[in-house]
Amino acid sequence: MQTPITHKKGQLYFDTIALRKIADKLPTPFYLYSEHTLIENYKNFLHAAQDANLPAPLICFALKANPNPYLLKKLAKEGAGADIVSGGELARATESGISRQKIVFSGVGKTLEEIEKGLMGVGIYSFNVESLEELEMINSVAKRLKKCARVAFRFNPEVHAKTHKHISTGFKSHKFGLLRKDILKALKTKSLWSHVKLVGLSVHIGSQLTCLKATGKAMRELGMLAREINMPLEFLDVGGGLGIDYAPSDKNTYQTPNDYMQVISKNLQKTYLKDHTIKHLVFEPGRVISARAGCFITSVIRTKKSGGQCFVIVDGGMNDFVRTSLYGAYHEILVNKKPGRKINSHVVGPICETADCFATDRMLPPLQPNDLVCVADVGAYGFSMASMYNMRKLPKEVVVTKSGKITIT
Ligand code: LLP
């Protein structure tokens, strides 16, 4: 996977532009995205699916990872669809030029209004239904609007994805999806189907997956259920979740899009695709497309020594970027300094919580006020999870375009 940051003679470059030159244009903190990296990652993922001979892959980018309008427009031009979880994301996807016929709507809490919006005009590609109660609501809204809703069951395959417990979603005790027996029951309940049509099945077992054992099992379960249902299906949707290597120690466990496609292909072929035809295999990747395309740029306010420890206090905080505070996630820290003497440092923000910390125990050069600090791989679940906690402003977002222009979005 591409990374846009390089270090040359003590200067950080983002794509081909010196980071200092970008930071001179607007105050820190801000998010910085590389259009080039995003599109390369998208193409790489799509080509991996095509090379694995999977039926007409449709890549529905998960907007929750990064709903930046400039970047979405570029993905739309490449032919991407969208995986959405709210009316807000539906509006953002369509405003960005993503065709409604390439939108899948997941989530356990779709409201009446959101269902109506999904059905208006040209209906969306699929409501990925997560309960019988939701199916009932979609059917009744479609009836009132004199429409037929396209739905897929989000199947809960009861597998344990090895990832952070907050982002594992495919086990029996989780709120997501329908269990096999409930799907089979729903199919027998005629009253649920007057204004909906079953067009597919979907699964999504979790995020930041680096071990693909559970993915393989989920694919087999999906294939077996599709076979058991014994109805023509237009698509299978394998969800998102492929992880990236954030830390140097992830290098050994990280799986490439090609590895991932092999696991999907092998397990779906065996259980379903060898003797069934579908129009599309749908994917809902977020992180693997956008994480590496983004950096968070912040400046040193001051350093502080306390209890024998060096704290580097920066102007960005956990409200701007929360992954490290919320999940204890590791992100590389890069600084705009010549290599030389290094000291053990904690990089922390100004927010009044101890968890407001981007990194602990990193060996960094001694830093001074106004030095730039770059938190890497934040193009997924970065700005999209930002808040205004402590009455701070939301950070700005900047894109380095394919032609090397700096655009504030
Ligand atoms: N599809 C569904 C139904 C999802 O719930 C998600 C993510 C995705 C696709 C995209 O997953 P990805 O390819 O990005 O792993 N805030 C957390 C991640 C939460 C993921 C939620 N669902 C983090 O920062 O790690």
Side-chain angles (χ1 to χ4, degrees), residues 1 38 41-42 45 48-49 58-67 75 80-86 89 93 103-110 125-130 134 152-157 161-171 174-178 200-212 214-215 218 222 236-247 250 254-255 257 260-261 264 282-294 296 318 320-331 358 375 377-387:
M1 224 190 320
L38 179 89
N41 289 343
Y42 171 79
F45 191 86
L58 172 60
I59 315 294
C60 294
F61 177 65
L63 251 72
K64 57 181 86 64
N66 192 326
L75 285 173
D83 163 51
I84 58 156
V85 282
S86 71
E89 288 190 350
I103 294 180
V104 295
F105 195 164
S106 315
V108 294
K110 300 176 196 76
Y125 189 58
S126 174
F127 289 92
N128 288 355
V129 170
E130 308 226 10
E134 181 190 329
F153 283 118
R154 176 168 173 182
F155 169 44
N156 181 330
K162 260 203 197 161
T163 184
H164 192 287
K165 70 173 175 100
H166 289 176
I167 54 176
S168 170
T169 53
F171 197 58
H174 297 146
K175 68 177 175 179
F176 298 99
L178 283 140
L201 285 181
S202 81
V203 281
H204 173 76
I205 61 166
S207 194
Q208 182 52 15
L209 307 176
T210 52
C211 162
L212 298 182
T215 303
L222 178 70
L236 293 179
D237 174 347
V238 299
L242 181 60
I244 68 156
D245 50 334
Y246 284 106
D250 294 340
Y254 148 70
Q255 308 286 314
Y260 176 69
M261 297 303 169
I264 290 174
V282 176
F283 295 84
E284 302 172 2
R287 188 184 318 264
V288 70
I289 308 290
S290 66
R292 203 134 273 175
F296 180 63
M318 66 190 280
D320 302 306
F321 181 66
V322 77
R323 295 197 75 253
T324 48
S325 311
L326 189 58
Y327 311 117
Y330 181 101
H331 283 261
F358 293 125
V375 185
D377 304 331
V378 303
Y381 309 107
F383 183 85
S384 61
M385 292 178 78
S387 75

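Throughout, numbering of the chain's residues begins at 1 and tracks the sequence. Numbering of ligands and ligand atoms starts at 1, following listing order. Atoms considered below: every heavy atom in the structure, side chains included; atoms not considered: hydrogens, waters and symmetry mates.
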Is D83 close enough to touch ligand 1? Criterion: a residue heavy atom under 4.0 Å from a ligand atom. yes
For F296, is the NZ or CZ atom of R323 found under 6.0 angstrom from the centre of its six-membered ring and inside 45 degrees of the ring axis? no
Against heavy atoms of E284, which atoms of ligand 1 measure under 4.0 Å? 1 (N), 2 (C), 3 (C), 8 (C), 9 (C), 10 (C), 13 (O)
Show me which atoms of ligand 1 lie under 4.0 Å from any heavy atom of G240. 9 (C), 13 (O)
Is R323 touching ligand 1 with its side chain, its backbone, both, or neither, if touching means heavy atoms under 4.0 Å apart? side chain
Check D245 with R292, please: is the shortest side-chain N to carboxylate O separation under 4.0 Å? yes
Taking 4.0 angstrom as the limit and counting only heavy atoms of P285, give me the atoms of ligand 1 inside it, by number and element. 13 (O)
Approximate separation, where rounding is to 0.5 Å, of K64 NZ and S207 OG: 8.5 Å
So is A65 touching ligand 1 or not, going by heavy atoms under 4.0 Å? no
On the six-membered ring of F127, is K110 placed so that its NZ or CZ lies under 6.0 angstrom from the centre and within 45° of the ring axis? no
Nearest candidate to atom 21 (C) of ligand 1, where distance is taken over non-hydrogen atoms, out of Q208, E130, K64, R287: K64
Taking only heavy atoms of R154 into account, list the atoms of ligand 1 that are under 4.0 Å away from them. 3 (C)
Taking the six-membered ring for Trp, are F283 and F45 parallel (under 30°), tilted (30 to 60°) or perpendicular (over 60°)? perpendicular
Below 4.0 Å, non-hydrogen atoms only: which portion of H204 touches ligand 1? Side chain, backbone, both or neither. side chain
Considering distance alone, does some N or O of M385 sit under 3.5 Å from an N or O of ligand 1? no
Value for OG (S126) from CD1 (I103), rounded to nearest 0.5 Å, stands at 11.5 Å
When you check the gap from the basic side-chain N to the acidic O, do D237 and R154 get nearer than 4.0 Å? no
Could you state the interatomic distance from CG (L58) to CD (E284), rounded to the nearest 0.5 Å? 10.0 Å
Please work out which of the three classes, parallel, tilted or perpendicular, describes the rings of H331 and F321, given edges at 30° and 60°. perpendicular
Nearest option to atom 10 (C) of ligand 1, as decided by whichever heavy atom of F105, F321, Y381, F176 sits closest: Y381
Provide the number and element of each atom of ligand 1 under 4.0 Å from a heavy atom of G286. 12 (P), 13 (O), 14 (O)
What do you reckon, does G241 put a non-hydrogen atom under 4.0 Å from ligand 1? yes
